[in-house]
Amino acid sequence: EKSLIYGEGLENVTIEGAGTLDGSGKAFKGPYKVRPYMIRVISSQRVTVTGVAIKDSPMWVQHYMACEDVAIRGITVHSRVNANNDGIDIDGCDRVRISDCDISSGDDAIVIKSTLLRPAKNVVVSNCVLSTHCNALKLGTESNGGFENIAVSNCTIYDTRLSGIAIECVDGGLLERIQFSNITMDGVGAPIFIRLGDRARPFEAGG
């Protein structure tokens with residue numbers, strides 16, 4: 001996988017400290033998914049990322065897929081030098097806590113996805129400061145497995161071109177027990193955007 005930091009099938013993974021991970025994203029050319037991620041962790045358990053600063057990713061800054069027990073705390077993300085610079089992507093994970101993060105991104109700031117037939121569930125996002133050229137807090141658009149038990153609270157959003165909150169469950173997955181509370185916004189294109197549907201788009205080869 002094209003990533004600065006990549007792990008699959010791991011347990012007890014920790015990235016921590018006061019340092020900066022610099023992806024030099026402006027130097028990378030090419031279309032979506034050709035450029036590397038900064039951090040990509042798949043099918044792993046007990047993943048913790050805390051304290052670090054991450055800047056200038058060539059692609060998504062962080063992608064956690066099919067993981068369990070993920071904690072992301074007190075990190076700073078500033079990534080606006082290339083395309084597809086999502087700040088944090090949580091994809092089909094279970095038991096996730098994101099808190100006290102400061103994110104400024106070119107693409108969506110915090111995204112909860114379910115690319116596979118595995119729901120993203122039991123996710124808490126709190127006490128974050130977000131700014132982006134796209135959506136600040138987003139569910140979707142990949143939503144095959146759907147979303148369950150998602151709680152987002154105590155976040156502030158500023159200078160965001162599209163929506164403060166975007167719910168885009170467009171791949172037929174379920175959307176159950178989702179709560180947003182105590183969210184403040186300033187300078188957003190729209191406060192809330194919701195789109196439901198089923199694109200019937202295959203997520204596996206031959207599908």
Side-chain angles (χ1 to χ4, degrees), residues 1-8 10-26 35-42 44-113 120 122-139 150-160 164-165 180 182-185:
E1 292 289 337
K2 295 182 178 180
S3 307
L4 177 63
I5 298 173
Y6 177 81
E8 185 170 356
L10 304 177
E11 295 184 7
N12 301 316
V13 178
T14 300
I15 301 171
E16 65 179 351
T20 299
L21 299 173
D22 187 340
S24 300
K26 193 173 183 178
R35 290 168 276 118
Y37 303 78
M38 290 288 286
I39 299 172
R40 197 168 195 222
V41 182
I42 298 175
S44 297
Q45 297 182 342
R46 296 180 295 281
V47 179
T48 300
V49 181
T50 180
V52 298
I54 309 173
K55 63 178 291 187
D56 296 347
S57 177
M59 235 280 284
W60 293 357
V61 178
Q62 302 164 84
H63 184 208
Y64 305 91
M65 184 177 190
C67 293
E68 297 178 352
D69 298 305
V70 177
I72 303 172
R73 299 188 301 267
I75 72 167
T76 300
V77 172
H78 192 280
S79 189
R80 295 195 175 204
V81 298
N82 211 317
N84 315 109
N85 284 169
D86 295 359
I88 299 175
D89 285 274
I90 300 296
D91 193 346
C93 295
D94 187 7
R95 300 186 301 278
V96 179
R97 290 153 294 153
I98 300 172
S99 64
D100 305 293
C101 297
D102 185 348
I103 299 176
S104 175
S105 59
D107 211 325
D108 304 321
I110 296 178
V111 191
I112 302 171
K113 301 175 177 288
N122 303 318
V123 180
V124 175
V125 179
S126 62
N127 304 333
C128 293
V129 178
L130 310 172
S131 176
T132 168
H133 290 321
C134 289
N135 303 287
L137 294 162
K138 180 178 175 181
L139 274 63
I150 312 292
V152 182
S153 64
N154 300 341
C155 294
T156 185
I157 298 165
Y158 69 98
D159 295 347
T160 289
I165 296 170
F180 291 86
N182 198 27
I183 309 295
T184 64
M185 305 181 195

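Note that the structure is predicted; figures quoted are calculated from it, not measured.
For Asp69, the salt bridge (charged side-chain N to carboxylate O under 4.0 Å, His left out) partners are Arg95, not counting sequence neighbours. Here Ala83 pairs with Arg35 under the side chain to side chain contact (heavy atoms under 4.5 Å, CB included) rule; sequence neighbours left out. The salt bridge (charged side-chain N to carboxylate O under 4.0 Å, His left out) check on Arg73 picks up nothing, with sequence neighbours excluded. The side chain to side chain contact (heavy atoms under 4.5 Å, CB included) test applied to Val152 returns Val125, Leu137, Ile150, Cys155, Phe180, Ile183, not counting sequence neighbours. Among residues two or more places apart in sequence or in another chain, the side chain to side chain contact (heavy atoms under 4.5 Å, CB included) test is passed with Ser44 by Leu10, Val41, Val47, Cys67. Asp108 is linked by a side-chain hydrogen bond (donor to acceptor under 3.5 Å, both in side chains) to Asn135, Lys138, counting only residues two or more places apart in sequence or in another chain. Asn154 meets the side chain to side chain contact (heavy atoms under 4.5 Å, CB included) test with Asn127, Asn182; sequence neighbours excluded. Residues meeting the salt bridge (charged side-chain N to carboxylate O under 4.0 Å, His left out) test with Glu16, sequence neighbours left out: none. Shown here are the side-chain hydrogen bond (donor to acceptor under 3.5 Å, both in side chains) partners of Ser131, two or more places apart in sequence or in another chain: Arg80. Partners of Asp91 under the side-chain hydrogen bond (donor to acceptor under 3.5 Å, both in side chains) rule, at least two apart in sequence or in another chain, are His63, Thr115. Thr156 meets the side-chain hydrogen bond (donor to acceptor under 3.5 Å, both in side chains) test with Thr184; sequence neighbours excluded.
Side-chain atoms of Thr160 and Met185, non-hydrogen and from C-beta on, never get closer than 4.5 Å to each other. The closest side-chain heavy-atom distance from Ser105 to Val61 is not below 4.5 Å.
Taking each heavy atom of Gly106 and His133 in turn, the nearest pair found is O-CB, 3.0 Å. The two residues Ala66 and Cys93 have their closest heavy-atom pair at N-SG, 3.8 Å. Closest heavy-atom contact between Cys134 and Asp107: SG-OD1, 3.4 Å. Heavy-atom minimum distance, Val77 versus Ile75: CG2-CD1, 3.9 Å. In plain terms, the two heavy atoms of Pro36 and Ser3 that are nearest each other are CB-N, 4.1 Å. Among all heavy-atom pairs drawn from Gly164 and Ala136, the shortest one is O-CB, 3.4 Å.
At distances below 3.5 Å, at least one donor-acceptor pair connects side-chain atoms of Ser79 with backbone N or O atoms of Ser57.
Here the CG atom belonging to Asn122 is positioned 5.0 Å from the CG atom belonging to Asp94, to the nearest 0.5 angstrom. Taken from CD1 in Ile98 to CD in Gln62, the straight-line distance is 8.5 Å, to the nearest 0.5 Å. Atom CE of Met65 sits about 11.0 Å away from atom CG of Asp89, to the nearest 0.5 Å. The distance from atom CG of Asp22 to atom OG of Ser24, rounded to the nearest 0.5 Å, is 4.5 Å. Distance check: Ile88 CD1 to Leu130 CG gives 8.5 Å after rounding to the nearest 0.5 Å. To the nearest 0.5 angstrom, His78 atom NE2 is 10.5 Å from Asn85 atom CG.
Pairs of residues two or more places apart, or lying in two chains, never qualify as salt bridge (charged side-chain N to carboxylate O under 4.0 Å, His left out) while including a residue from residues 125-137.
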* What's the verdict on side chain to side chain contact (heavy atoms under 4.5 Å, CB included) for Tyr64 and Val96, showing C-alpha distance, side-chain angles and the deciding distance? -> CA-CA 10 Å; Tyr64 305 91; Val96 179; over 6 Å; no
* To do: Quick one: do Lys113 and Asp86 satisfy side chain to side chain contact (heavy atoms under 4.5 Å, CB included)? Show the steps, please.
  => CA-CA 12 Å; Lys113 301 175 177 288; Asp86 295 359; 4.2 Å; yes
